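Quick notes on the structure that follows.
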Amino acid sequence: LDSPGEDDWLGRRDQAMLELFYSSGLRLSELAGLDVSDLDLNQGEVRVTGKGNKTRVLPVGRQARRALQDWLSVRPANGDSAQPLFVSQRGSALTPRAIQLRLRRHGVERIGQHLHPHMLRHSFASHMLESSGDLRAVQELLGHADISTESVAANAERVLADWLGKQAPNYAAARDQDARKALLAEVLEGDPQLRHRVTPLRIAVLELGLRKAGYPADEAQRLARAGF
């Protein structure tokens with residue numbers, strides 16, 4: 001998805017939407033509600049109004065800024081900055097449904113699968129978490145009141161998978177989730193010593209993630225042990 005599928009008016013608009021979704025982790029409703037005045041490309045920022053009518057300012061990456069500049073260079077302008085950022089060929093604001101359909105089309109044409117706004121938002125969150133390790137900061141960028149234990153557990157499982165890949169190469173090579181589960185069960189059944197090492201690791205990683213998310217130490221420990 002790095003380059004426009006078509007170098008025309010629609011292609012530039014859609015590429016700007018794709019890049020902004022991923023670069024700033026926006027919800028579908030947030031992107032659809034943006035006005036031109038919400039963008040500050042010089043500072044690399046976008047002002048977003050999310051759930052509960054709460055406003056937050058998010059970073060816009062270099063590639064997204066470039067795509068947005070390309071789009072604004074061809075976007076119809078009427079001199080009013082308080083106008084929808086993403087418009088149809090008739091000049092009206094794109095609806096959330098219209099945005100969904102455009103993303104789905106590009107997903108099928110360019111990567112061979114349906115592409116949903118939440119997939120791009122999830123990728124943003126995952127990459128930010130991997131690069132920073134700061135769950136609280138990612139929580140604020142996403143506009144979440146709280147990070148669910150499911151999100152923390154998913155990150156813990158990624159850490160565990162990396163560790164297991166070094167202990168059991170067959171596990172790392174399995175791409176299907178069900179196959180990984182079966183291999184993990186087989187590995188642990190055949191190696192009691194490894195089994196005793198894995199369970200404490202899962203608990204420790206999950207507990208650390210919960211504590212970073214702001215849970216008190218005793219509550220993080222209780223949740224981590226209950227989860228496994």
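Here the structure is a predicted model, which means the values were calculated and not measured. The basis for the numbers below is simple: all heavy atoms, side chains too, and nothing from hydrogens, waters or symmetry mates.
No chain of hydrophobic side-chain contacts below 4.5 Å, direct or via other Ile, Leu, Val, Met, Phe, Trp or Tyr residues, connects Leu101 to Met17. Taken together through direct or relayed side-chain contacts under 4.5 Å among Ile, Leu, Val, Met, Phe, Trp and Tyr, Val57 and Leu34 form parts of separate hydrophobic clusters.
Residues Leu31 and Leu94 form no side-chain contact, since every pair of their non-hydrogen atoms from C-beta on lies 4.5 Å or further apart. Within the 4.5 Å cutoff, the side chain of Leu26 has heavy atoms near those of the Leu58 side chain.
In this structure, the side chain of Ser88 engages the main chain of Arg90 through a donor-acceptor pair within 3.5 Å. Side chain of Arg12 to main chain of Ser73: no donor-acceptor pair is present (N/O by atom type, distance under 3.5 Å, no hydrogens or angles). Counting only distance, with no hydrogens or angles, the side chain of Ser24 and the backbone of Pro59 share a donor-acceptor pair below 3.5 Å. Formation of a donor-acceptor pair under 3.5 Å by the Asp8 side chain with backbone atoms of Gly11 is found in this model.
Between Gln83 and Pro76, the shortest heavy-atom distance links the atoms OE1-O, 4.1 Å. The nearest pair of heavy atoms linking Arg65 to Val60 is NH1-O, 2.8 Å.
Annotation: the span from Leu85 atom CG to Leu20 atom CG amounts to 7.0 Å, rounded to 0.5 Å. Note that the CZ atom of Arg13 and the CZ atom of Arg102 stand 5.5 Å from one another [nearest 0.5 Å].
Using the six-membered ring where Trp is involved, Trp71 and Phe86 have ring planes that are parallel, under 30° apart on the 30 and 60° scheme.
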